[in-house]
Amino acid sequence: MSHNLTLGRAGEERAAEHLIADGYDVVDRNWRCSDGELDIVAVRGRELAVIEVKTRTSRRYGHPFEALDDRKTIRLWKLAHMWARAHPGAARGRRLRVDAIAVTGADPSRAAVEHLRGIG
């Protein structure tokens, strides 16, 4: 497994731990379809959050959120709606939202976590 893939998976684990500590239930991870992949899908109350995780060892090349351009955000919303259609029981009665989590630090298990709610 490549370093970037290993780093990304560790960052997703850190993000999931953060979400659970913040009262979310993680209902899906690494959901794939023909149009792409969602890192994390989580619910809290009446909110259904589709979460893109960006992991970096440092900010040397910019903040992780800078990787979320308009094209990526539009794709995330499309995937979020596809997930909701594929899982109507989990999505019913919940407000759909796309979030991003930045995990920044040399060791993802102890890295800083920033949660940006409601992008796009």
Under 3.5 Å donor-acceptor, [X] side chain and [Y] backbone:
X: Asp25; Y: Val43; value: no
X: Asp39; Y: Asn30; value: no
X: Arg94; Y: Ala90; value: yes
X: Trp83; Y: Ala91; value: no

What are the two closest non-hydrogen atoms of [X] and [Y], and how far apart are they?
X: Ala15; Y: Ile101; value: CB-CG2, 3.8 Å
X: Leu7; Y: Pro108; value: CD1-CG, 3.4 Å
X: Val50; Y: Ala80; value: CG2-CB, 3.6 Å
X: Ile119; Y: Ala100; value: CD1-CB, 4.3 Å
X: Arg29; Y: Ala16; value: NH1-CB, 3.8 Å
X: Pro64; Y: Arg56; value: CG-CG, 3.6 Å

Cluster question for you: counting only ILVMFWY and a side-chain heavy-atom cut-off of under 4.5 Å, with indirect links fine, are [X] and [Y] together?
X: Leu48; Y: Leu79; result: yes
X: Leu19; Y: Val103; result: yes
X: Leu76; Y: Met82; result: yes
X: Tyr24; Y: Val113; result: yes

| pair Val41-Val26: side-chain heavy atoms closer than 4.5 Å |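 The answer is no; the side chains never approach within 4.5 Å.
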
| query | Does some side-chain heavy atom of His81 sit less than 4.5 Å from a side-chain heavy atom of Leu96? | reply | yes

What's the spacing between [X] [atom1] and [Y] [atom2] if we round to 0.5 Å?
X: Arg97; Y: Arg117; atom1: CZ; atom2: CZ; value: 6.5 Å
X: Asp35; Y: Leu38; atom1: CG; atom2: CG; value: 10.5 Å
X: Lys78; Y: Arg75; atom1: NZ; atom2: CZ; value: 9.5 Å
X: Glu114; Y: His18; atom1: CD; atom2: NE2; value: 10.0 Å
X: Leu68; Y: Leu116; atom1: CG; atom2: CG; value: 8.0 Å
X: Ile51; Y: Asp28; atom1: CD1; atom2: CG; value: 11.0 Å

| said: Let's go through Ile40 and Val53 carefully: what are the C-alpha distance in whole Å and the side-chain angles of both, what is the deciding distance for side chain to side chain contact (heavy atoms under 4.5 Å, CB included) to 0.1 Å, and is it a yes or a no? | reply: CA-CA 8 Å; Ile40 298 174; Val53 180; 3.9 Å; yes

| task | Name the orientation class of the two ring planes belonging to His63 and Phe65 (parallel below 30°, tilted from 30 to 60°, perpendicular beyond 60°). | result |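 Correct class here is tilted.
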
| Whether Trp31 and His87 hold their rings parallel, tilted or perpendicular, with breakpoints at 30° and 60° |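 Rings of Trp31 and His87: perpendicular, as their planes differ by over 60°.
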
| message | Taking CG in Asp69 as the centre, count heavy atoms belonging to other residues, nucleotides or ligands within less than 6.0 Å. Is the count above 12? | response | yes

| said: When you compare the side chains of Asp22 and His115, does any donor N or O come within less than 3.5 Å of an acceptor on the partner? | reply: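 Not at all, the side chains of Asp22 and His115 share no donor-acceptor pair under 3.5 Å.
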
| query | In terms of side-chain geometry, is the basic nitrogen of Glu52 or Lys54 positioned less than 4.0 Å from the acidic oxygen of its partner? | reply |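 Salt bridge flag = yes for Lys54 with Glu52.
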
